[in-house]
Amino acid sequence: MMAWITWRAVTEAEIAWTAATEHSRKTGLDTLPARERKAIEQARKLLTSALADGGTEHERRRVYEHARRLLEEATTVTIPRQAATALEAAARPSLTKSPTNDER
């Protein structure tokens, strides 16, 4: 279940990222300061790597958090609500039922 939720959150983040990328291409990323362009590119690479099937759940959450922090630090960039929600859902620890002795 958690893997599906994580996959969905990453997929939603990717969709939101694609929309933001298309918008930025129309408006021009070159107008941003170099530091912010670098942070945005690094966040994009992190999110792309998080979509890969490798890594543990914990590692993917760390990647999401790092990407989100990078985007928050880019002061002229507003993270789309859908992307922020997806990243937060993926990074938030889930409350799962502990297995009983019979299930172990």
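If you're wondering where the values come from, they're calculated on a predicted model, not measured in any experiment.
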If you measure from [atom1] on [X] to [atom2] on [Y], what distance do you get to the nearest 0.5 Å?
| X | Y | atom1 | atom2 | value |
| --- | --- | --- | --- | --- |
| Ile40 | Thr21 | CD1 | OG1 | 9.5 Å |
| Glu73 | Arg68 | CD | CZ | 11.0 Å |
| Glu22 | Trp17 | CD | CH2 | 12.5 Å |

Tightest non-hydrogen contact, residues Val63 and Leu46, listed as CG1-O, 3.2 Å

Heavy-atom closest pair (Leu70 atom, Ala43 atom, distance to 0.1 Å) is CD1-N, 3.9 Å

Residue set satisfying side-chain hydrogen bond (donor to acceptor under 3.5 Å, both in side chains) with Arg69, at least two apart, ordered chain then number -> none

Those residues at least two apart in sequence (or on a different chain) that pass side-chain contact (heavy atoms from CB on, under 4.5 Å) with Thr48 are Arg44

- Message: If you apply the rule side chain to side chain contact (heavy atoms under 4.5 Å, CB included), what do you find for Lys45 with Glu41, and how did you get there?
- Response: CA-CA 6 Å; Lys45 288 178 182 177; Glu41 182 61 25; 3.3 Å; yes

(request) Just do the salt bridge (charged side-chain N to carboxylate O under 4.0 Å, His left out) check on Glu65 and Arg61 with the steps written out, would you? (result) CA-CA 6 Å; Glu65 284 296 317; Arg61 286 183 187 171; over 6 Å; no

